[in-house]
Protein chains: 2
Amino acid sequence: MAKIRERNKELIIQAASEIFAERGFAATKTIDIAARAGLPKANVYYYFKTKENLYRSVLESIVEPLLQAATPFYDDSDPTIAFKSYIRAKIRISQQHPHASKVFASEIMHGAPHLPDDIKAQLMEQTRRSSEQIEFWIKQGLMAPVDPQHLLFTIWASTQTYADFDWQIAAVTGKEKLTDKTTIPLPA
Amino acid sequence: MAKIRERNKELIIQAASEIFAERGFAATKTIDIAARAGLPKANVYYYFKTKENLYRSVLESIVEPLLQAATPFYDDSDPTIAFKSYIRAKIRISQQHPHASKVFASEIMHGAPHLPDDIKAQLMEQTRRSSEQIEFWIKQGLMAPVDPQHLLFTIWASTQTYADFDWQIAAVTGKEKLTDKTTIPLPA
DNA sequence: GTCTATAAGGTGATAGAC
DNA sequence: GTCTATCACCTTATAGAC
C-alpha cells in the first residue's frame, strides 16, 4: 500500500535529519537511522537505495523553503518590508527545520561535496537575483549603499547561528534545549 | 634528533588541519593526511598514536588564540576600545588560522564530541567572565543595555562566517579564493 | 626513527526466505 | 513489502624489517 510507503519514507527522513545533523554524513551509520525510525536497516536501503541518496533527500527537504524565503525580494518594491519578511522567513526555517537546516549548513561549510549541481545552480541564481534587486533599491535611493552580497552574508550568519550552534548557545545560556523564547523575538 | 620530530609533527598538524577542515573528522582518512604531509601513514601513528589524538591537537592549536582574544575585556575599562580589540582579534584568528578555525566551528556545531572537558570548561569560564564585564559596563551606563550573551553570539557569528563558509562566499562573489580584501576591512 | 605489509574490526549494501 | 543473515570492502592501527 502506498500509504505505508509514504509513512515509512517520512519516518526515515525524519530520523536521518536528526542523526545527520548530530554527527555529519560520514559519522552517521545507516543502522542508527533505521533504529531511530523503528525499522530494520534493509528497509532504509529498500526505500533509498544508498546512504548518499538518503542524505540528498534530507538536503532537498530544506532547499524548497530556502528558495521560498527569497520571494519577498521579487514581490515587494519596498526594501523595509522585503527585508523584514526575508529575515522572518529565514528564522522560521531555522526554527521549523532545525535538523535539516544544520545538515545544510554543515554541507555548505565543507564545500557542498554532496549537493547536486542543479540545486547549487538554483541557489546561486536566487542569490544573484536578490543582489540585483538590492542594487536596484540602492540606485533608487530607497536604502543605504551597502554591498548587497555582504549584506546577505551577514543576514545568513545571524539568522542561522542559533540553529547551527544550538549546542554552544544552550551551554552558554544554561538551557537544556532552545525554545522559541531563548532565541530572537520575531518582529511583528 | 628532536628537530626532525618537531618539524614532522608540525607538518602533520598542518596537513591535518587542512583536511579535517575540508571533510570533517569522520570523512578524513589518515593516509590522506600522511600523503599531504609527504610522509608514510605509519609516521602519523608514530607521532600521534591515534587519529583522535591528532584531531585533538588541531583543536588545541586554536584554543590558545581564542582564549587570548578575550583579554581586552579584562584589560580595558572602556567598552568601545575593548569591543574593537576583541572583534579585531576574532577576525585575525579567522584569517590566520582558517583551517583550524573551521575545524573548531564544525566540532562545536556537532555538539563538541571530541573536545576535552577541561578545554570546554576554560572556554565557558571565559565567556562567563566576558559577560560579567559587559554587565558591569551596562550598570555603569557606559553602553546600551543589551543581553551580554546574545551580543557575544552575534559577534561570534559575524566574525566567523567568512572563515566557516568560505566556499559559499567565494562561490557567490565569484572569487577563486578569499583574500584579505575580499573580506571585511579591519578598523584601524 | 622510518616504512611496508598485514591484521582486526566495522560499515554499506544485498541476497533470498518469508 | 519486510527483514535476517551475510558478503565485500575499506580504514584504523600495528608488527617487524630496515
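Chain letters run A, B, ... following the sequence lines, proteins first, then strands; residues in each count from 1.
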Tell me what N8(A) touches on the nucleic acid: a base, only sugar-phosphate, or nothing, going by heavy atoms under 4.0 Å. sugar-phosphate
For the side chain of K51(B), starting at C-beta, report the closest nucleotide among dT2(C), dT12(D), dC3(C). dT12(D)
Of all the choices, dT4(C), dT4(D), dT12(D), which nucleotide is nearest to the side chain of P40(B) once you look at every atom? dT4(C)
Nearest-Å distance, CZ (R5(B)) to P (dG1(C))? 5 Å
Once you round it to whole Å, what is the distance between P of dA13(D) and CG of L54(B)? 10 Å
Report the distance from atom NZ of K41(B) to atom P of dT2(C), rounded to the nearest whole Å. 17 Å
Within this structure, what is the OH-CD distance for the pair Y162(A) and Q168(A), rounded to the nearest 0.5 Å? 10.5 Å
Which of these nucleotides, dT12(D), dA15(C), dC3(C), is closest to any side-chain atom of K29(B)? dT12(D)
Of the candidates dT2(D), dA15(D), dA13(C), the side chain of Y45(A) sits closest to dA13(C)
Check the side chains of E107(A) and H114(A) for a donor-acceptor pair under 3.5 angstrom, ignoring hydrogens and angles. no
Once you apply a heavy-atom cut-off of 4.0 Å, does F48(A) come out as touching a base, just sugar-phosphate, or nothing? nothing
What is the separation between atom CG on N43(B) and atom P on dT14(D), rounded to the nearest whole Å? 14 Å
Taken to the nearest whole Å, CD/E52(B) to C1'/dT12(D) is 12 Å
OP1 or OP2 of dT2(C) less than 4.0 angstrom from a side-chain nitrogen or oxygen of Y47(B), does that happen here? yes
Atom-to-atom span, OH of Y46(B) to C1' of dC18(D) - whole angstrom: 15 Å
Between atom CG in N53(B) and atom P in dT14(D), what is the gap in whole Å? 11 Å
With the side chain of A42(A) defined as its heavy atoms from C-beta on, choose the nearest nucleotide among dT12(D), dT4(D), dA13(C). dT4(D)
Electrostatic pair R128(A)-E132(A), nearest N-O below 4.0 angstrom: yes
Between Y45(A) and T30(A), a side-chain donor and acceptor under 3.5 Å: yes
Whole-Å distance separating the NZ atom of K9(A) from the C1' atom of dT2(D): 17 Å
Is the shortest side-chain heavy-atom distance between F153(A) and F165(B) below 4.5 Å? no
